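Input: a single structure, listed below in C-alpha cells.
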Amino acid sequence: MTDFRNLAAAVLAGSPAGGDDALAVLRAGDSELMDVVAAVGRLRRRYFGNTVKVNYLVNLKSGMCQENCNYCSQALGSDAPILKYSWLSTDEALEQAGAGIRAGASRVCLVASGRGPSRRDVDRVAETVDELRRHHPEVEVCACLGLLQDGQAQRLADAGVDAYNHNINTAESHHDAIVQTHTYADRVDTVRKAAGAGLSPCSGLIAGLGETDEQLVEALFALKELGSDSIPVNFLMPFEGTPMAGTWQLTPARCLKILAMARLVCPDRDIRIAGGREMHLRSLQAVALQVANSIFLGDYLTSEGERAEADLRMITDNGFVVQGSANELAQRAHAEEAGPAIRRRGAGTGVLPNA
C-alpha cells in the first residue's frame, strides 16, 4: 500500500513524482481517497495557499467545425442540438466577458471553433482584446482559436493576449482513436508556437475518452514536459449526436483521483477543474478544490454550468478566497505589511525563549 503522505513529502522536498507514483494515486482504493486528498492537498497549499483562480469562457464562434474530434459537440458530423453562430461582434464579446469579470473572474478565455484562425480571424480577436483591455486592464486574457500558423501567436501576443489554450486532450498513443483530421504533433506544435511567442501555454486533457490509466499518466507527463502553465482537466460530456454519446466511464472518486494525480505530477502548475465537473464530480466538487486551484465559472462552450453564485458560495464555504478578490488582496497586503517577526528572545538575549 502506498504511503501518500510520504509521497507528497518527497515531492515537497524536491523529488518529482514518477510514473509509478502517478499510477498509485489513480489506482488508490476508494477507502484511501481522503488520504490521497490530504496528502496531495499539501502541494496545492504550498504553491497556491487558499486561493482559487476563477476563469470565464466566452464562445466567440460556436459549432460548424471542420475537425472530427469524436468527443466534441461542435465537430464535423455532430448532430448535437447546440447553439451555432458565427463570430460575435466586439460589443457582444465585451458584454459576455464583462459578466464573468463582474462575477469574480480574473481570466477571460476567448474561444472560437474551427481548425485554426485565418489572418482576418486573428485581427478580429486582436480588436476584441484591445477593447477588453481598455475596459478591464487588470484582467488576464487567454485565446483558444485552434491550430496556429507561423506568426499568429506573435500577433496575439502583440495584441495583449496573455495565454493561449490548446489542449492535447489525450495521450499520443490514444490520439488517433479519437480524432483523425489532425495529428497529435499538430497540437504539440501549436502549444510550442504559443510558448515561443511569450504566451503562457495552457494545455490540458479530457478524461473518460476510453483511455487506460497508463495513457492518463502519459498525457500528464507530456503536459509537464511541454511546460503547460495551466492544465485544464475536463471530464467527457457524452453529448447525444456525437460518436462518444453514451460513454460513461467516470465516477466522482475517479475524477478526484485524476485531479490529485495532476497535482502530484505538476505540483506548481494551475490545475483547473474544467468541463464536466458538475456532471461527474457532483458532490465532490468542493473536495476537489483541496487539490485543484482553479475553476471555470458558470457556463462552458456548448453546455450549461452552475450559476456563478453557487460556484462562489462553494469556494467561500470551504475556506477559500477568489484570487484577486478584495478578501484575497487584503490577506496578501496583511502578510506583506507584517513581514517576518524578528526574534528578540531566547539564545543571545536576556529574555526567556518562546517555549
Side-chain angles (χ1 to χ4, degrees), residues 1-53 171 204-208 211-225 227-235 249-274 276-277 280-295 314-323 328 331 335:
M1 183 177 291
T2 302
D3 187 328
F4 296 107
R5 185 175 179 179
N6 284 344
L7 179 55
V11 175
L12 282 169
S15 297
D20 289 343
D21 300 324
L23 280 173
V25 170
L26 271 186
R27 293 173 177 171
D30 287 352
S31 63
E32 301 175 279
L33 188 58
M34 289 303 106
D35 293 336
V36 170
V37 171
V40 177
R42 295 173 61 198
L43 302 172
R44 184 249 196 270
R45 294 278 177 172
R46 162 70 67 87
Y47 293 103
F48 300 98
N50 69 332
T51 63
V52 175
K53 187 170 186 174
L205 56 83
I206 304 172
E211 71 281 344
T212 64
D213 289 352
E214 289 82 2
Q215 286 169 331
L216 275 172
V217 172
E218 179 188 341
L220 253 301
F221 277 91
L223 290 167
K224 181 179 181 178
E225 184 178 345
S228 182
D229 293 329
S230 293
I231 301 177
V233 179
N234 298 275
F235 305 106
Q249 301 180 338
L250 300 170
T251 65
R254 170 76 168 174
C255 294
L256 189 51
K257 291 171 193 175
I258 291 168
L259 290 165
M261 178 190 69
R263 173 61 66 208
L264 185 73
V265 173
C266 302
D268 59 348
R269 313 290 174 85
D270 275 340
I271 304 297
R272 184 167 308 126
I273 318 173
R277 66 177 167 89
H280 291 293
L281 276 164
R282 299 199 291 274
S283 61
L284 292 186
Q285 289 184 74
V287 181
L289 289 177
Q290 299 295 334
V291 296
N293 69 294
S294 181
I295 66 169
M314 175 180 69
I315 291 170
T316 56
D317 284 355
N318 286 277
F320 296 99
V321 295
V322 173
Q323 183 176 317
E328 194 264 333
Q331 285 185 7

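Only heavy atoms go into these numbers, but all of them, side chains included; no hydrogens, no water, no symmetry mates. Worth saying up front: this structure is predicted, and the values here are computed from it rather than measured.
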Looking at [Y], is its backbone amide N or carbonyl O close enough to the side chain of [X] to form a donor-acceptor pair, meaning the two atoms are under 3.5 Å apart?
X      : Y      : value
Asn293 : Val52  : no
Arg44  : Gly49  : yes
Arg263 : Val291 : yes
Gln290 : Val287 : no
Arg46  : Asp268 : no

Should [X] and [Y] count as side-chain neighbours, where that means a heavy-atom distance under 4.5 Å?
X      : Y      : answer
Leu205 : Val233 : yes
Val265 : Val25  : no
Tyr47  : Ile271 : no

First locate atom [atom1] of [X], then atom [atom2] of [Y], and finally report the distance between them rounded to the nearest 0.5 Å.
X      : Y      : atom1 : atom2 : answer
Phe235 : Ile206 : CZ    : CD1   : 11.0 Å
Thr251 : Gln249 : OG1   : CD    : 11.5 Å
Ile258 : Asn234 : CD1   : CG    : 11.0 Å
Leu289 : Ile295 : CG    : CD1   : 6.5 Å
Arg282 : Leu284 : CZ    : CG    : 8.5 Å
His280 : Ile273 : NE2   : CD1   : 13.5 Å

Please give me the minimum heavy-atom distance between [X] and [Y], naming the atom from each residue.
X      : Y      : result
Ala288 : Leu259 : CB-CD1, 3.8 Å
Ala171 : Ala219 : N-CB, 3.8 Å
Met261 : Leu216 : CE-O, 3.9 Å
Leu250 : Cys255 : CB-SG, 3.9 Å
Cys266 : Ile231 : SG-CD1, 3.6 Å
Arg269 : Leu223 : NH1-O, 4.2 Å

What residues, two or more places apart in sequence or in another chain, satisfy side chain to side chain donor-acceptor pair (under 3.5 Å) together with [X]?
X      : value
Ser228 : none
Arg277 : Gln285, Tyr300, Asp311
Glu211 : none

Listed once per pair and sorted, the salt bridge (charged side-chain N to carboxylate O under 4.0 Å, His left out) pairs that draw on residues 22-39, sequence neighbours left out: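 Every salt bridge (charged side-chain N to carboxylate O under 4.0 Å, His left out) pair that includes a residue of residues 22-39, provided the two are not neighbours, is Arg27-Asp213, Arg27-Glu214, Asp30-Lys257.
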
Which residues share a salt bridge (Lys or Arg N to Asp or Glu O under 4.0 Å) with Lys53, sequence neighbours left out: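 By the salt bridge (Lys or Arg N to Asp or Glu O under 4.0 Å) rule, Lys53 matches Glu140, Asp270.
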
Under 3.5 Å, which donor-acceptor pairs link side chains of residues 4-24 to any protein atom two or more places apart or in another chain?
residue	atom	partner	partner atom	Å
Asn6	ND2	Asp3	OD2	3.0
Asp21	OD2	Gly18	N	2.8

